[in-house]
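First comes the structure, then the notes that go with it.
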Amino acid sequence: ANIVLIGPPGSGKGTQSTRLTEHYKICQLSTGDLLRQAAHDQSSSEGQRIRKTMEAGGLVDDDIVLSLIDKNLNKPECRNGFLFDGFPRTINQGEKLEELLESKQKRLDAVLEYAIPDDLLKRRILGRLIHKPSGRTYHEEFNPPKESMKDDLTGEPLERRSDDTTETLNARLHTYHKQTTPLIEFYRQRNIHRSIDATNKVSNVYQQSLELIENFR
Ligand code: AP5
Ligand code: ZN
């Protein structure tokens with residue numbers, strides 16, 4: 001299966017990705033994670049440019065994002081498909097993904113939109129804690145780790161993301177409404193878009209995601 005998750009910052013894309021990829025035995029492809037990795041690996045000017053854009057809450061250039069996608073689409077261990085988390089984010093990226101998949105005789109099965117009002121996202125983002133090595137996410141209030149600031153499975157320290165500030169969140173939300181929401185119409189026209197109420201509990205959003213994906217398969 002090839003599935004796209006669209007939703008504003010904090011809507012739960014990463015949280016649901018971990019579960020959905022395990023269920024379908026597919027690979028998670030989070031451009032946010034890949035870009036954070038690229039920014040970290042590259043002390044070069046490109047790495048610095050990526051970091052700056054992410055700190056400002058804008059979108060990183062398409063050529064960088066698309067080359068990361070291209071590199072990952074051919075992994076043999078991902079032949080069951082992909083869960084695209086946070087990609088595409090613009091109509092242009094949506095068109096490019098379509099071309100890339102077509103050239104490999106693949107297609108998207110479902111596009112799930114995690115819909116949630118902006119004012120609920122601040123608490124989610126400002127309370128988020130992450131375990132970098134595994135990608136597991138926690139939340140101070142909504143999903144606290146068993147031991148303060150430690151990953152449940154490894155005991156390793158939890159961290160915050162440097163773009164999880166009120167200021168950068170506002171910019172990320174602005175970018176989402178302006179550049180990403182037009183993509184919803186793009187997929188609606190292709191009859192593969194469904195919207196999910198992402199204000200619900202993690203387990204409810206997961207159940208609904210599974211049901212909708214099954215309806216498309
Ligand atoms: P990215 O890393 O994708 O960030 P984002 O889109 O802002 O989304 P988040 O990761 O913040 O939120 P999420 O939906 O994954 O929520 P999560 O599950 O963690 O991108 C970062 C940056 O990279 C972008 O700003 C941009 O600069 C760049 N970039 C990325 N992709 C790009 C692209 N394609 N093109 C160009 N630039 C790109 O949950 C959040 C918190 O809420 C957690 O603490 C979690 O525990 C909690 N939570 C989750 N679900 C629930 C629930 N149902 N109830 C209560 N709490 C919940
Ligand atoms: Zn995420």
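Order of appearance sets the numbers: ligands from 1, and atoms from 1 within every ligand.
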Heavy-atom proximity to atom 53 (N) of ligand 1, best of V205, N92, N200:
N200
Select the closest option to atom 15 (O) of ligand 1 among G135, S203, S17, G14, judged by heavy-atom distance.
G14
Can you hop from M149 to I125 via hydrophobic side chains spaced under 4.5 Å?
no
Parallel, tilted or perpendicular for F87 and F84, by the 30°/60° rule?
tilted
More than 12 heavy atoms from other groups under 6.0 Å of NE2 on H177
yes
Within the 4.0 Å heavy-atom shell around K201, which atoms of ligand 1 are there?
53 (N)
Side-chain heavy-atom pair I26, C78 within 4.5 angstrom cut-off
no
Here the atoms of ligand 1 under 4.0 Å from any heavy atom belonging to G86 are 31 (N), 32 (C), 33 (C), 34 (N)
Salt-bridge test for E98 and R190: reply yes if a basic N is under 4.0 Å from a carboxylate O, no otherwise.
yes
Does Q16 have a heavy atom less than 4.0 Å from any atom of ligand 1?
no
Do L34 and L29 have side chains that approach each other closer than 4.5 Å (heavy atoms only, starting at C-beta)?
yes
Test of understanding: given a 4.0 Å heavy-atom threshold, classify the contact between Y114 and ligand 1 as side chain, backbone, both, or neither.
neither
Nearest protein heavy atom with distance in Å, relative to atom 32 (C) of ligand 1:
R89 NE, 3.1 Å
What's the shortest distance from atom 28 (C) of ligand 1 to any protein heavy atom, and which residue and atom give it?
L35 CD1, 3.7 Å
For atom 31 (N) of ligand 1, find the nearest protein heavy atom and state the residue, atom name and distance (0.1 Å precision).
T31 OG1, 2.8 Å
Stepwise side-chain hydrogen bond (donor to acceptor under 3.5 Å, both in side chains) check, E55 with S162
CA-CA 7 Å; E55 302 278 322; S162 59; 2.8 Å; yes
I want to know if ligand 1 touches S30 in the polar sense, i.e. an N/O pair below 3.5 angstrom.
no
Ignoring angles and geometry beyond distance, decide whether G10 reaches within less than 3.5 Å of ligand 1 through its nitrogen or oxygen atoms.
yes
Nearest heavy atom to atom 11 (O) of ligand 1: which of E55, R136, K52, R172 does it belong to?
R172
Closest non-hydrogen atom pair between P8 and K13, with its separation
O-NZ, 3.3 Å
Looking only at heavy atoms of D33, does any of them come nearer than 4.0 Å to an atom of ligand 1?
no
Whether P8 lies under 4.0 Å from ligand 1, heavy atom
yes
Around atom NZ of K201, are there more than 12 heavy atoms of other residues, nucleotides or ligands at under 6.0 Å?
no
May I ask which of R128, R36, K13 has a heavy atom nearer to atom 2 (O) of ligand 1 than the others do?
R36
Polar atom proximity, I125 to ligand 1 (N or O, under 3.5 Å):
no
When you measure from the heavy atoms of G127 to every atom of ligand 1, does any distance fall below 4.0 Å?
no
Show, in sequence, the C-alpha distance, side-chain angles and deciding distance for L112 and V4, and conclude whether the side-chain contact (heavy atoms from CB on, under 4.5 Å) test is met.
CA-CA 6 Å; L112 305 183; V4 166; over 6 Å; no
Where's the contact between V202 and ligand 1, heavy-atom distance under 4.0 Å: side chain, backbone, both or neither?
both
Do R194 and F216 come within less than 4.5 Å of each other through their side chains, counting heavy atoms only?
yes
Which residue holds the protein heavy atom closest to atom 26 (C) of ligand 1, what is that atom called, and what is the gap in Å?
G58 O, 3.2 Å
Using side-chain heavy atoms (C-beta onward) and a distance below 4.5 Å, is L83 in contact with L5?
yes
Provide, to 0.1 Å, the distance between atom 39 (O) of ligand 1 and the closest protein heavy atom, together with that atom's residue and name.
T15 OG1, 3.6 Å
Polar atom proximity, F142 to ligand 1 (N or O, under 3.5 Å)
no
Closest to atom 46 (O) of ligand 1 by heavy-atom distance, out of Y176, Y138, F87, F84, is Y138
For atom 37 (N) of ligand 1, what's the nearest protein heavy-atom neighbour? Residue, atom name and distance, please.
V60 N, 3.1 Å
Checking Y206 against T15 for the side-chain hydrogen bond (donor to acceptor under 3.5 Å, both in side chains) test, could you report, in this order, the C-alpha distance in whole Å, the side-chain angles of both residues, the deciding distance, and whether it holds?
CA-CA 9 Å; Y206 177 60; T15 303; over 6 Å; no
Looking only at distances, can you tell me whether any N or O atom of D164, backbone or side chain, sits closer than 3.5 Å to an N or O atom of ligand 1?
no
If you compare E141, E140, Q93 by their heavy atoms, the one closest to atom 35 (N) of ligand 1 turns out to be Q93
Distance, nearest 0.5 Å, that separates CZ of R128 from CG of D164:
4.0 Å
Of the protein's non-hydrogen atoms, which lies at the shortest distance from atom 4 (O) of ligand 1, and what is that distance?
R161 NH2, 3.1 Å
Would you mind finding which of R123, Q179, M54, R124 brings a heavy atom closest to atom 22 (C) of ligand 1?
M54
Any side-chain donor-acceptor pair under 3.5 Å between D197 and Y114?
no
Looking only at side chains, do T90 and N92 share a donor and an acceptor under 3.5 Å apart?
no
Any nitrogen or oxygen of N143, side chain or backbone, less than 3.5 Å from one on ligand 1?
no
Close side-chain approach of L183 to E95, heavy-atom, < 4.5 Å:
no
May I ask you to identify the nearest protein heavy atom to atom 16 (O) of ligand 1, giving residue, atom name and distance to one decimal place in Å?
G12 N, 3.3 Å
When only distance counts, is P88 in polar contact with ligand 1, meaning an N/O pair under 3.5 Å?
no
